[in-house]
Amino acid sequence: MIRFKSIISRIVILHVIVVAITSVLMSVALSWLLSVATNNIHNQAMEEQAMSLAEHLVLKADGSLSLALPPHLQGLYSQPYGRYTYAVIDESGKTLFSSLKDNAPIFANDPRAATVQFLETSVGDAVISGASVRRSVGGKVLWVQAAEDLANSDVLIDDIVDDFYRHVGWITLPILLVLLVIDIVIFRRALWPLRQASETAQKITPARTDIRLPFDEIPTEVRPLVSAINKALDRLDEGFRLQREFTADAAHELRTPLSILRTRVETLDDPGVAKALRQDIEAMSRVVSQLLDIAELEAFAIDPKEVADLQTAAAEVASFVAPLALEQGREIALLGATAPVFVKGNAEMIKRAIRNLAENAIRHAPKDTVVEFVVEEKGRVTVQDRGAGIADEERELIFRRFWRRDRNSQGGSGLGLSIVQRIAELHGATIVVENRVMGGAQFSLHFIPAAAPPKP
Amino acid sequence: MRLLVIEDNAVLSELLAKGLRTAGYEVDLLATSAEARAVLMTTTYAAVILDLGLPDGDGLTLLRELRHRKDSTPVLVLTARGGLQDRVSGLRSGADDYMVKPFALEELVARLEAQLRRPGQQLGNSLHIANLEFDLRGRQALIDDQPQVLSARETDVLELLMRSKGRVVSKKQVEDHIFGLSGDVASNAVEVYVHRLRKQLSDRGAKVTIHTIRGVGYLIAEEKRDPV
């Protein structure tokens, strides 16, 4: 079954049905009214004709009646014309005068009939319709009948009715169709604010949660829905705000004491102790940053229109981690694409993901080896090291929060890869973990390629 | 040179002041944005160190006000927030640099010096790495205090690398720095100059290494002596 989803299509289909029914009903009603009206006109004419015939009944001296019709009436009721007939009948049912050849009555008389009676009979195919009027002439009660043969070619009323249907009746359809078109225009205009509201709604993204649907132009019937949507957006916005506030507050409360600690340590006299403490503080700071990253990622969603350059992101991360890697005796190299590689997503987020992979790789790479970044045109970035690689049974575990192969190791917090996974999820990117043929692990992030953003 | 530190945590601001004084600066301490607003109306500082999380309002508002009245005092923002939006809005509000807590005092001083050396600002004197010194005013390299003669291009490369001490300088940056907008550059020109510079420095006993980060750029650092 066809379903009409849009309001306009529903209105149109209902209107088409209504128009069809109305045009049939209107024709039926009009034809009925018209036939009643023509009937009345005919009856009235017949009654008047009977009355005028009665005027010409004259009581003679011998007590008998004579009908002296003037010539124009004689012509009217003449046999050759054949349209009108008359008969005069007395109480006994005897026909006194008749325009018919055999001196017959037009209608069988009913003595109990009322003063004026409208009767109908048929002769062959022809319908004879007329009136019977009671008259009393010189103490005698008579019935004067006048009738018309409706099949006569001079009877116009039926032709008018027929003509009405053939020509005039059709006008109802175009009028109804015009009404339909006008209604569609009216509804489209009435629904215009809703269309505008949906265009506004299109602009709402995680980065723009402050947009609300316009309310003023919306028809009252739809206002409850629009206001409910706006209230839902308010609650959503509040959720995002609280999460951001929490992250900001937590960051402040955790990082300021660390800053104090770090600055105090720098003023220590014993350089050995100072160095050890500084490393502890670095590790602690890293965990705090990663926890805050996780908190921020919980409330973060990517604007679907955002485009980032994977090559630049990888180059920036390589620059960022290189000094630290060199200090620890590991080299960094960036291979693959040298031109921009555009992917869908947030550049800062993508950098964080690559950075976490890189820090992981640097930690696991043996001294004097190279940690390589490979960027491919199809939207993939790979970070590879020459470390111990990843055992099959650990492939799932490594993405769990706080998971570490060696609980006592000083290195990572076990949060890095769960951050990478969350960022990949947000970007619809896939992560592939492999061991390299010549030894070492390799992590690939395959992002969704995008067209180059328009130049600003 | 007088600096203004606006930081609400008394302990941290004392420690900052102590560190900055050791580095040779005079320091004023303020804890609220209201005080800072009043002081900045009347006093000009060489630079401002501004914490964003102040008790009586957002430090960014103060920064915007400052920039709005065309005050170009260098502002180094300190923040506990490392979030995406925060970082962007901080720089858009007119911060010259941005450091996320916890920071190394040494790096704060280095970044501050970088700001104070900006064009139009007072020039710093020289840069040091191990026994290598670069005199910014005379554009002269010194090893163990002995002036060295280097070619103009080698001097350009060395200056850029030393100004970016501790950071990677991209190949593109080196190209732009040496050749400016002069047009076509042979694809291996930068490599050639870096190679020559590296050789010159090691021949003359400089205890520094110019690392090549393949696909990215170059980094100058103190030579590491592996205990054999």
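Note on naming: letters A, B, ... go to the chains in the order of the sequence lines (proteins, then strands), and numbering restarts at 1 for each one.
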Rounding to 0.5 Å, atoms CG (Leu12(B)) and CG (Leu261(A)) come to a distance of 11.0 Å

| request: Compare all side-chain heavy atoms of Thr263(A) with those of Leu16(B) and state whether any distance is below 4.5 angstrom. | output: no

Under 4.5 Å to a heavy atom of chain B? For Arg264(A) that would be both

Are the side chains of Arg255(A) and Val100(B) in contact, using a 4.5 Å heavy-atom criterion?
yes

So, do Ile213(B) and Glu331(A) sit near enough that their side-chain heavy atoms are less than 4.5 Å apart? no

All heavy atoms of Pro102(B) vs all of Ser285(A), minimum pair found to be CG-OG, 3.0 Å

* Can you find a pair of side-chain heavy atoms, one from Leu335(A) and one from Arg214(B), that are under 4.5 Å apart? -> yes

Rounded to the nearest 0.5 Å, the CG atom of Leu219(B) sits from the OG atom of Ser319(A) at a distance of 9.5 Å

A quick test of your reading: do over 12 heavy atoms of other residues, nucleotides or ligands sit less than 6.0 Å from NZ of Lys344(A)? no

When the 4.5 angstrom heavy-atom criterion is applied to Glu327(A) and chain B, the contacting part is both

- Query: Are more than 12 heavy atoms from other residues, nucleotides or ligands located less than 6.0 Å from atom NE2 of His195(B)?
  - Reply: no

**Report entry** Within 6.0 Å of CD in Glu238(A), more than 12 heavy atoms from elsewhere
**Finding:** yes

d(Ile260(A) CD1, Glu14(B) CD) to nearest 0.5 Å is 11.5 Å

Q | pair Glu266(A)-Leu15(B): side-chain heavy atoms closer than 4.5 Å | A | no

Of all heavy-atom pairs linking Val168(B) and Pro323(A), the shortest is CG2-CD, 4.1 Å

Sorted by chain and residue number, the ring pair (Phe, Tyr, Trp, His ring centres under 6.0 Å) partners of Phe447(A) (sequence neighbours excluded) come out as His427(A)

- prompt: Can you tell me if OH on Tyr25(B) sees more than 12 non-hydrogen neighbours from other groups inside 6.0 Å?
  reply: yes

d(Thr209(B) OG1, Leu326(A) CG) to nearest 0.5 Å is 9.5 Å

Just wondering, are more than 12 heavy atoms of other shown residues or ligands nearer than 6.0 Å to CZ in Phe103(B)?
yes

What one should report as the nearest heavy-atom pair of Ala315(A) and Val216(B) is O-CG1, 4.0 Å

Whatever's closer than 4.5 Å to a heavy atom in chain A on Thr212(B) counts as backbone

